[in-house]
Each structure stands twice: as structure tokens, then as C-alpha cells.
Amino acid sequence: MDPRSKALICNKVPTKLSCLMFMKSKVSSYELLGHTGMFAKSYILPDQLDEFNENKGESDVWMVKEDTIDCGKGIYIFTKDEPIPPYLNPRVLVQEYIQNPFLWEGRKFHYRALVLLTWEKELYAWHRYFFYPGRQPYQYQDFNNLSIHLTNRGGGDEPEFSLHDIMPADQYAIVQQKTNHIIRESIKPMIMSDKDQRGYSVIGYDFMIDADLGVWLLEMNGMPGNIFSGYNRFYDSFDILEEISQLMVDVPYLNGQRTSFNFVNITES
């Protein structure tokens, strides 16, 4: 893929810019699904510092997310009555804190959708979402205790099952529909900037669900660690790599046959 397009989506600040670029071009049909947006209210600092200060009172709690840092590092939580915590990166994302998360056994969680974008601009999503719960029961207080509020690999438990395993079928169907829609909408800037590129991308989308089954995009990872690490116990990394190979090499170039179907085509018809 074109490195410039990859930069649009890999980190927290560029993800926000990418979403804004597309959402300004058209009204998202995601509103028809009963959701007002796919990205929590966010500001890029210091570029939008004045705008943030004007609207800071619209939410009780905010999060600072430093760009290019993962595993729970560089994340700070503060209330509307507190100053912005000091940060190290030249630009950071300040994002509204989702106060009413959907809970599993009393804990917050997020989930990852593993997405394959082919050079033919087809989108495939792994058939199960990877599930990441927090370590401690959720409570809307004690913001200094990040083990309550963070659900990534650094702050949460290792995923032993998928989102499909912990949600009722009817709720999961709603979440899946909204998730696929966000993926299709958010990837359009990347597709538009990658004309005639012969390659593919594997992207890890991180989402959170609120108590009303609203789905919120947290970030997109251009090089998701799911593929190569062994900490996801409910799938085999080699299965993912084998199926990518079938889709990208065996079938289009070697007249081979697809023998596994864990990646589901979610390309907009």
C-alpha cells in the first residue's frame, strides 16, 4: 500500500483526521441505524485547543491519548473541571469518555475486528471479533485507577473467546451490522488515495459498545499484532496467514481454490 495512505489510519490523531475527511464529504448513512456518529467527540491538540476549551463543558470526563503509543501508555483521564494533563507528543487526541459502556460481568471491554483490504478494493472481515475485557469491575469514578477504565492488552486480560460468545444473538447482529458499516465508511479515504496499488493491508479496528448498543470506533491499527502473536487462544495465527495467502495469491494468480472461509466479504454492494 501507499505509505501515505497507511499514515492516514495507523495512529490515533490520523484516524480522527481520516474520519473527518470523509464525514465532511457526505452525511453518513450510519445515522439511519440510530447512531449519531462513529467516532467519539474528539479534538486534536494543540491545533484545536481553543475549540476544545470552548466545548469542554459538553462532557463530564475526557481522555488524552498520545499518538503512536500503545498498551495503555500515554492515556490520561481528566474531568471538565480539571486542566489538561501534561503530555509528551507534539500532537495528541483529546476524546470524550464513553460514560455508559456495555458491560460484561460488570467490566468494560473493547473488541477488535481484523480486516483485509485487497488490491482490488475488496473488504474482508475475520468472522469473529477479538474480545478484550478490563481487569476490574467498572465504576464511573476513580479515574486514577486505569485498570478499571483501560481494556487493551496492557491493561486488560488476554482474550480467551470472541464477542460472539458473550452477547445474545440479536444484540450481536446489531453490533455486527454497525461495525461493518463503520469499517466501510472509514476505509473510503484510504481507498480513494490508493489508485492502482498492487498490494493489500491488514487492519485491526478497535471498537467499544455503549449501553444502547451504539458502536464507537476507538482506533485503527495498520500493523495489528493479532496476526503474529499467540495471545489470542481461540484462533490459530497460521489460519489467518493461510487464508490471506489464498485470497491474495493462490486464487487470483495460481488458479487455486479457497479452502477456508473465515474472512467474510463485507464489501459494499
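We count residues from 1, following the sequence as given.
- Side-chain contact between Asp60 and Tyr140 is present, with heavy atoms from C-beta onward closer than 4.5 Å.
- At a threshold of 4.5 Å between non-hydrogen side-chain atoms, the residues Tyr76 and Ile84 do not count as touching.
- Counted by atom type alone, Asp81 and Thr79 present zero donor-acceptor pairs between their side chains at under 3.5 Å.
- Counting heavy atoms from C-beta on, the side chains of Met167 and Phe102 come closer than 4.5 Å.
- Checking Tyr43 against Glu51 by side-chain atom types alone, no donor-acceptor pair falls below 3.5 Å.
- Ring geometry for Tyr172 versus His164: interplanar angle over 60°, hence perpendicular rather than tilted (30 to 60°).
- Of the possible donor and acceptor atoms, one in the side chain of Asp165 sits under 3.5 Å from a partner among the backbone N and O of Ser162.
- Of all the heavy atoms in Ile182 and Val215, the pair that sits closest is CD1-O, 3.6 Å.
- Classified by interplanar angle (parallel below 30°, tilted 30° to 60°, perpendicular above 60°), the ring pair Phe52/Phe78 is perpendicular.
- Ile148 approaches Pro137 most closely through the heavy-atom pair CG2-O, 3.7 Å.
- Distance alone, capped at 3.5 Å, is enough to place a donor-acceptor pair between the Trp62 side chain and the Lys56 backbone.
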Stepwise side-chain contact (heavy atoms from CB on, under 4.5 Å) test for Tyr124 and Ile244: CA-CA 10 Å; Tyr124 292 85; Ile244 290 174; over 6 Å; no
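- Side-chain contact check for Thr179 versus Tyr205: every heavy-atom pair is 4.5 Å or farther apart.
- Counting only distance, with no hydrogens or angles, the side chain of Asp212 and the backbone of Gly214 share no donor-acceptor pair below 3.5 Å.
- Atom NZ of Lys108 and atom OG1 of Thr151 lie 6.0 Å apart (nearest 0.5 Å).
- The aromatic rings of Trp104 and Phe131 sit perpendicular to each other, their planes meeting at more than 60°, with 30° as the lower class boundary.
- From Tyr138, atom OH reaches atom NE2 of His149 across 6.5 Å, with rounding to the nearest 0.5 Å.
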Given Ile187 and Val115, is the side-chain contact (heavy atoms from CB on, under 4.5 Å) satisfied, shown in steps? CA-CA 10 Å; Ile187 206 70; Val115 175; 5.9 Å; no
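- To the nearest 0.5 angstrom, Asn53 atom CG is 11.5 Å from Gln48 atom CD.
- Summarising the geometry, atom OG1 belonging to Thr267 is positioned 5.0 Å from atom CD belonging to Glu122; distances are rounded to the nearest 0.5 Å.
- Residue Pro46 comes nearest to Arg91 through the heavy atom pair CD-CG, 4.0 Å, listed as atom of the first residue, atom of the second, then distance.
- The hydrophobic clustering, which links ILVMFWY residues whose side-chain heavy atoms are closer than 4.5 Å, places Leu49 and Val92 together.
- Note that the NE2 atom of His127 and the CD atom of Gln176 stand 11.0 Å from one another [nearest 0.5 Å].
- The closest donor-acceptor contact from the side chain of Lys65 to the backbone of Leu93 lies at 3.5 Å or more, if one exists at all.
- Separation of atoms CZ (Arg107) and CZ (Arg135) is listed at 9.0 Å; rounding is to 0.5 Å.
- Using a 4.5 Å heavy-atom threshold, the side chains of Phe263 and Trp126 count as touching.
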Give the intermediate values and the outcome of side-chain contact (heavy atoms from CB on, under 4.5 Å) for residues Phe207 and Val175. CA-CA 10 Å; Phe207 295 95; Val175 168; over 6 Å; no
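- Counting only distance, with no hydrogens or angles, the side chain of Glu96 and the backbone of Ser59 share no donor-acceptor pair below 3.5 Å.
- With hydrogens and angles disregarded, a donor-acceptor distance shorter than 3.5 Å links the side chain of Lys178 to the backbone of Leu213.
- Residues Val202 and Ile240 form no side-chain contact, since every pair of their non-hydrogen atoms from C-beta on lies 4.5 Å or further apart.
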